[in-house]
Amino acid sequence: MAIQEPPAQGTNLIGLTRNDYKGRASTLCKGCGHDSISARIISVAYDLSIQPTQLIKLSGIGCSSKTPAYFLNQSHGFNGLHGRMPSMATGALLANHTLKAIGISGDGDTGSIGIGQYIHMVRRNVPVVYIVENNGVYGLTKGQFSATADEGQQLKYAGLNELPPIDVCMEALVADCGFVARSFAGDPRQVETLLKAALSHRGTAVLDIISPCVSFNDHEDSTKSYAWGKSHEEVVSDFSFIPVRNEITVDYEEGQSADVTMHDGAVIHLKKLDSNHDPRDRMAALRLLEEAKLKQEFITGLIYINEERQSLSELERLPEAPLARLPEDTVRPSRDALDALMKDLM
Amino acid sequence: MAIQEPPAQGTNLIGLTRNDYKGRASTLCKGCGHDSISARIISVAYDLSIQPTQLIKLSGIGCSSKTPAYFLNQSHGFNGLHGRMPSMATGALLANHTLKAIGISGDGDTGSIGIGQYIHMVRRNVPVVYIVENNGVYGLTKGQFSATADEGQQLKYAGLNELPPIDVCMEALVADCGFVARSFAGDPRQVETLLKAALSHRGTAVLDIISPCVSFNDHEDSTKSYAWGKSHEEVVSDFSFIPVRNEITVDYEEGQSADVTMHDGAVIHLKKLDSNHDPRDRMAALRLLEEAKLKQEFITGLIYINEERQSLSELERLPEAPLARLPEDTVRPSRDALDALMKDLM
Amino acid sequence: MNTTSVRSGPQVTDIEDSPSGVNNFVIVAATINGSGSQTANNCLLRALFKMGIPVTAKNLFPSNIQGLPTWFQIRLSADGYVGRRDTCEVLVAMNRSTAAEDISKVAPGGMVIVPSEWKLAEDRSDLSYYSIPVQQMAKDSGANADLRPYVANMAYVGALVELLGIDVDEIEAALMQHFGGKRKAVDLNFGVVKAAIEYTRANITKTDPFKVERSNKTAGKILINGNEAGAMGAVFGGFTVAAWYPITPSTSLVDALGDYAKLLRADEKTGERTYAIVQAEDEIAALGMVVGAGWAGARAMTSTSGPGLSLMTEYAGYAQFAEVPAVIWDIQRMGPSTGLPTRTAQGDVLMVYYLGHGDTRHDILFPANMEECFEFGWRSFDLAERLQTPVFVLSDLDLGMNLWMSQPFTYPDKPMDRGKVLSAEELAKLGGFHRYEDVDGDGIPYRTIPGTDSPLAAYFTRGSGHNAEAQYTERADEWQANLARLHKKLEHARTLVPAPVLDEVPGAEVGIISYGSNDSAIAEARSMLASRGIQTSYLRLRALPTTAEFQHFLAKYPRHYVVENNFEAQMAKILQTEAPAYAAHLTSVNQCDGLPLTGRWIAQSILEQER
Amino acid sequence: MNTTSVRSGPQVTDIEDSPSGVNNFVIVAATINGSGSQTANNCLLRALFKMGIPVTAKNLFPSNIQGLPTWFQIRLSADGYVGRRDTCEVLVAMNRSTAAEDISKVAPGGMVIVPSEWKLAEDRSDLSYYSIPVQQMAKDSGANADLRPYVANMAYVGALVELLGIDVDEIEAALMQHFGGKRKAVDLNFGVVKAAIEYTRANITKTDPFKVERSNKTAGKILINGNEAGAMGAVFGGFTVAAWYPITPSTSLVDALGDYAKLLRADEKTGERTYAIVQAEDEIAALGMVVGAGWAGARAMTSTSGPGLSLMTEYAGYAQFAEVPAVIWDIQRMGPSTGLPTRTAQGDVLMVYYLGHGDTRHDILFPANMEECFEFGWRSFDLAERLQTPVFVLSDLDLGMNLWMSQPFTYPDKPMDRGKVLSAEELAKLGGFHRYEDVDGDGIPYRTIPGTDSPLAAYFTRGSGHNAEAQYTERADEWQANLARLHKKLEHARTLVPAPVLDEVPGAEVGIISYGSNDSAIAEARSMLASRGIQTSYLRLRALPTTAEFQHFLAKYPRHYVVENNFEAQMAKILQTEAPAYAAHLTSVNQCDGLPLTGRWIAQSILEQER
Ligand SMILES: Cc1ncc(C[n+]2csc(CCOP(=O)(O)OP(=O)(O)O)c2C)c(N)n1
Ligand SMILES: Cc1ncc(C[n+]2csc(CCOP(=O)(O)OP(=O)(O)O)c2C)c(N)n1
Ligand code: SF4
Ligand code: SF4
Ligand SMILES: [Mg+2]
Ligand SMILES: [Mg+2]
């Protein structure tokens, strides 16, 4: 891959070991897709030399939402309420917009109870990498269908799903999300690449990761299952990511490609496997998702990117220093100011 | 228009007068777009000889949501909670799927607080004509921006809106709505035609009606204002509606046209002003809305129609008689049934 | 350490709770969840029940799907006490990560079954250790590799059969029922049971006093959990619409509702159903659907737990004020907040009573056993429609998800009461109606159902100020009149809700007041107290608001103990406001550690006050 | 009829409330909302205030935007009483649809100003009728047609100036202030005032006794409403994040917050702000944002009313349990449900105290006047951060949206208290910390702010069971220990929240207990009672939980009256549980008709009990 490898002696650019990025032991089921995603987050944070104290982990409720306890022990974590993580993420990032933020949600958490907060978070362009660990079921409550479950899917416990799925990528797109990507938990390389790109994005970056539930949703006929994933996955675009602090330019495979410059100057170098897709083309992205839905397929890769929208902290005209750390003399007006107000009211 | 005119003596096919369809006196501001929509509903219900006792009126909270009190006095009305009408509509129509239902909401009620319930109602295909009286502001709370307000819009009270609008038609479309239309409160003919079509639709019919707020949102630079509407409105398709009970086939203007057969056999005969738009083409509908959004335009007419999806009552395999009216011997199992269960548990 | 464990309540020493060796002890199977021990445990329980021995089970499981500690506790009680006991005489230690702590808690003289494969140091000399080659037996069973951990559980069943003297035929019968008669599955599992019996017989010498004997104390009884009982009640109550959102421990109520309804209320051929059950997108929507359905004439219900209840606040207040019938089950779990989703509590009482802003108050039912879960399952609809209001049924995880013995349920003793609903014919006769008028002086107005074929039927429902004609009003007098009528209705409810159950003892000087799942522990506590010379009378509330019986009971005794399973002494607080004159006579006996209260703890707590 | 109207409270006859003719009567301007009468009314009020006459105003407006009845009530009180009075001596009848009822309520001997254009039958001989050609004057003003209804209101201002003897220069000054010195607007309006003065002088003979005289009783005072005062307090409290959702009557608090913050906390040149105010998509999100911001170290707040509060239930419980600071203003309006959005009440007390499922309890502040709205505006942040918990500020529509006289506000008397926050340096020194450990014995743990540059800073926040190290746990002992610590914190809060305000009178035999906006009416009631020989002592609660002073006060008097503006006697219920020994000594004096309580009604109610 096209990023600078961490120094050989087992520490990264800021002197931390891979261990410093670990979390507590997972209590998820063996083989759960969510655990692979945690592993990817650990890897990427290490590789990118992210300062864990300057990152926050946020989640809702669900098996997926438990995972922030299983990575980045040195980062503050907030395991909130079911479906309501987007709002608390919004608040946290208003309080301190200098932090990086990873939000972990499930398909029930985002698509069912949380769809409203999700859409409004995207609309506000809250600077968070928002990962949907999408298995089409409610794992933690034992296997009911979520709103992203395939139409016509049959599960032992839940029966037949007769409702059409909500596509969280499509929802993000129509709510003007500037970074919409999808991947598959069983494809570590792609997940890591997309994660790195997402972490450089200025506003909301949505990463919908198909993450099979081995306990309740791993039937051959579900688009969210491993078996299905491996055989049906259709990689749309692959790309490499070059963080700016890394001055080495690496040779990269030839072929059709498109460059996208990230807000921090980083460049992602797209390699289109499907030469028809340009991730800067909204209409193309809409079409792609719409067609994939009809075919009950999922598209992986960077579906859409647009760096133009201002993030919430920019819209709010926040100062450089985080609001949470402003000193008293900055946030409490003077005695004179109060006196002047009182005069006006007399 | 291509529908049978009610008998001359001032009663319709079921012997009711126009007066029988009226409501109480409106308490909205003079000139409010919402009042025009109420007038259209009264007209259409009269014209279609709808039995008012077999129709229910539902709403959330807002100026718009007050309007069910101002039409169809002989229909039961339910003025619910802010943003939560879709769920109560779902329940009411499960209880009695033989009723027609008109839901009235506002853009704040639907687009802000209610977007989640709205999407899930559409997804379930609850059989309701869902009207969004869309003025881009919160009328009742005095003029804050709603989620459908134009980006860059400036209002005296609310200041500058820097967030992109949520398009309730687009949201309906991606949630698999089978009837998506938009109109303008100041265009009575189109509103009535679309309303008639919507009332024949089997599942959720979304009708987004731009309805200017004369008190808080009638600035020249808002897409939701009268002035703006009249000059910028772009009529995409016009169509006539033929209820099946009307056997007369009326001559209708020549020109490019597309027929859509409604679930009850009624045919709407589309007249495309923009010959590129086929309302049965989802991709075209998506493109239309996407392009309109970029141009800060609104498209009026029938944007999308699809009669294939089963409505919620069909999915739930409900009997012909409404659940609400099933007799005791149908809904309370026998003594023997209980005994048998007890045996199994011993 | 992320270990999940269960500790006993406060250390009590005054009241001893020593079990005898026969039909009177507690078996705890400590396993790992997701490993399939549920089958083994339920078969054990059922076999003991079929042997006529009074049993009760508490399943302590983690809020996770696989890999964390689980304890299944079976209490055998010759005297028929079915409350939790916090001792353990027979431990099946199948979870290595908790074994040390589990063993440390076994009562002196108890027995421990452990897998031979662990090579455990048997360092408590007061216990009998029996080791069984669990994994080897699973391997020998012929099950393929992924099924082995599952059948391994049968090994401890076999060991217990041999060591306690359980009737092996009852185990086979239980397996037959469990697997719906699928012989192959039964054979596989029963094979392991038999192998374990043989192994035990051949290799183990019993050194403990515990055993079981056939009895006749469960004859004619059923074994069921409260969520199933409640669901069955709702089906016999003629529910027509249910909307819900998954949440532990309430999910299984709706699951059972679906099962029973499919069995009894669906047309086998056409698939047509006389009901609809909808999984909503969240609890706001679930209650919204229920309120919409109730308004439109359905018998509509939902079931939820704490977090869901919080989300229902706004619609609950709406329904009470707009007078829409609804039934809301709250299967209480440990809070505040997400709390412990798989632990029990009675922590929602205060909240539910006042659920809603601006002067809202509700009617609540408190089932205490399986029969009442069933009964309130149907009766709640009669009350909700009669009173035109949401009726809450407050159950809890202990009632809802644990298996309890019960008398078979009684068929509803009266036809469905649909309340004051006017038909088109009645409207024609009356010449119209006023939706919110107090015609009968009981505060309950008349309503019509949408779709009623009469131009006089319609009215307008709203959560804002309305007068007797259901018209919007901001007049102070009309507002007050409407609230006063609602208040009268709440008072009238006192005469309609189930009266408390009383057990008054001659010579008693102390009253015990409680509700819900504490009932069984209280029965035991009272006998413990009686044996120390403290006679108690007992009032078990079955509803809020309180009824006249409650006031009478208060007057009879100088001291009352309000027993409950929460931290805030919630019912005691409500009772203080219901009877301020006696507020100072009420002492709270409350605790809240996620586990059902024990008789011993209750007895001990009262004893400390009384001497 | 869809008419909106306001009736007086219960008919009381024992206590007379006869105003004198000078500086001591009530003016009611009955108009139609959306017609711009607010300018006229506020100018009148301000002019009287500037004349040194104690005034207070109650604006009774409908929940609609245009076309419905509105009443603006100005009370002049030489004695300085600022509670509502339910009489009307001077009526400006500008709304034809309510005129008959409005006139019927004028006190005998009162005056009525009506538009000449109505040609009204003057059928009450005990009143003085003055008719003014309001529409003609508006026409003559030269205003263009759509502005005429607006300037027409100035005609009654002019008539009142002449009839009551208001200083016309103060009217002009008030107009100048209102229009920010825009001369053209002032001239247009003032022209009508002058024309009306002239018309009145020329055509009307005054036959009533009411007039005003310059006084010095408002010197140094300010005129403000509680929402502005609270917002100002928050700005001086250093709020950094506010998230909200529009709802009457709380919206204007956030509007004012935006205005003051922009003035005092934004860089004029760069536009950079030391705060963020976000309009959320609903109240769930609003509180979610506040909790997220509070967790991340901001001083975060929201403001809402009943329906919004209901939606905040789940996050409120979370924040209390996970110990996240937050400030939540509840500007109470009439409920249940949507209720009457533009009418006042104190109906959320019980609900807020227990807001959340499963044993949640909160800290609440009750401001009673403008100074306290300001003070609690900043102090609530100190408390929230000190206690690491949500702090609710319960105001109401009467305080929040009506104009009140007040002493100027006092600058915060101490630096901001950010509570127990550990820095990277402190962490290094300590070698780490346990998020939920009770280090100091007050139940309050230490926290760190995300972004703290130390590998020891991180912890994991959750609403599920956690131990002192903030790790997930299902252990009964750890659960109990954590709840016990939270309970200790709630007890500790009793020593930190503002103590009640006491006014004890020698020889008093009766205690009055109240809170919030009732204060002014109680002052008046007490003097009415004193004049009948009933001396009362008064305790005004400023917070929940109660403090030691409350218990002392209870012990001192045999009877206590708990005065409040709700139907359920909510505070009385809470107090009964806070002091069960005195539960029977508390009598509720409560009502709830959407209007602020009057001194007369309170005095009358107590009088009825006391004799
Ligand atoms: C308000 C509320 N309702 C219900 C629940 C119960 N609940 C916990 S997790 C969950 C579903 C989680 O599904 P998903 O987000 O898809 O996560 P997964 O477990 O599949 O990773 C539900 C319904 C809750 N915690 N809170
Ligand atoms: C839970 C809740 N929050 C806030 C409000 C206050 N509120 C009443 S109407 C309204 C906005 C209505 O806007 P919209 O739906 O666009 O209707 P309009 O008045 O513009 O027709 C709000 C926020 C409420 N009634 N309930
Ligand atoms: S239940 Fe499914 S989603 Fe949950 S931990 Fe197990 S495999 Fe993962
Ligand atoms: S405020 Fe606006 S939306 Fe409301 S009634 Fe007036 S014009 Fe209509
Ligand atoms: Mg899931
Ligand atoms: Mg609107």
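All values reported here derive from a predicted model rather than from experimental measurement. Proteins come first, then strands; the chains are lettered A, B, ... in the order of their sequence lines, and each starts at number 1.
Looking at Asp396(D), Val349(D), Leu309(D) one by one, the single match for side-chain contact (heavy atoms from CB on, under 4.5 Å) with Asp330(D) turns out to be Leu309(D).
For the set Ala583(C), Gly317(C), Gly306(C), the entry with the most heavy-atom pairs within less than 4.5 Å of chain D is Gly306(C). For the set Leu350(D), Thr360(D), Leu483(D), the count of heavy-atom pairs under 4.5 angstrom toward chain C peaks at Leu483(D). Ranked by heavy-atom pairs under 4.5 Å with chain C, the first of Ser337(D), Gly347(D), Ala584(D), Gly335(D) is Ser337(D). Ranked by heavy-atom pairs shorter than 4.5 Å toward chain C, the options His487(D), His585(D), Glu578(D) are led by His487(D). Listed options Cys592(C), Ser464(C), Pro336(C) were ranked by heavy-atom pairs under 4.5 angstrom with chain D; first place goes to Pro336(C). Per-residue heavy-atom pair counts under 4.5 Å with chain C were compared for Gly356(D), Gly339(D), Ser305(D), and the maximum is reached by Gly339(D). Annotation: maximal heavy-atom pairing with chain C below 4.5 Å, among Pro307(D), Ala581(D), Ala322(D), occurs at Pro307(D). Most heavy-atom pairs under 4.5 Å with chain C, from the set Phe567(D), Tyr315(D), Tyr353(D), Tyr318(D): that is Phe567(D). Of the listed residues Thr313(C), Asp359(C), Thr577(C), the one with more heavy-atom pairs under 4.5 angstrom with chain D than any other is Asp359(C). Most heavy-atom pairs under 4.5 Å with chain D: of the set Gly308(C), Gly465(C), Ala316(C), this distinction falls to Gly465(C).
With a 4.5 angstrom heavy-atom cutoff, Ile574(C) does not touch chain D via any of its atoms. With a threshold of 4.5 angstrom between heavy atoms, Ile284(D) approaches chain C through side-chain atoms but not through N, CA, C or O. For Ala484(D), the parts sitting under 4.5 Å from any heavy atom of chain C are the backbone and the side chain alike. In this structure, chain D has no heavy atom under 4.5 Å from any part of Ala579(C). With a 4.5 angstrom heavy-atom cutoff, Leu340(C) touches chain D via backbone and side-chain atoms both. For Glu314(D), the parts lying near chain C are the backbone and the side chain together; criterion is any non-hydrogen pair under 4.5 Å. Ser63(C) touches chain D through backbone and side chain together, each having a heavy atom under 4.5 Å away.
In this structure, a donor-acceptor pair under 3.5 Å is present between the side chains of Trp295(C) and Thr461(C). Under the 3.5 Å distance criterion, with hydrogens and angles disregarded, no donor-acceptor pair is assigned to the side chains of Gln591(D) and Asn565(D). Under the 3.5 Å distance criterion, with hydrogens and angles disregarded, no donor-acceptor pair is assigned to the side chains of Trp71(D) and Asn95(D). At a cut-off of 3.5 Å, with distance as the only test, a side-chain donor of Asn566(C) or Glu564(C) sits close to an acceptor on the other residue. When only modelled atom types and interatomic distance are considered, Thr389(C) and Gln320(C) share no side-chain donor-acceptor pair under 3.5 Å.
Looking at Leu397(D) and Gln332(D), their side chains never come closer than 4.5 Å, going by heavy atoms from C-beta outward. Side-chain contact between His434(D) and Asn467(D): absent, with no pair of heavy atoms (C-beta onward) separated by less than 4.5 Å.
For the pair Asp398(D) and Thr344(D), the tightest heavy-atom approach, listed with the atom from each and the gap, is N-OG1, 3.1 Å. Across Glu283(C) and Met312(C), no two heavy atoms sit closer than the pair O-CG, 3.6 Å.
Ring geometry, Phe321(D) versus His466(D): the interplanar angle falls from 30° to 60°, so the pair is classed tilted.
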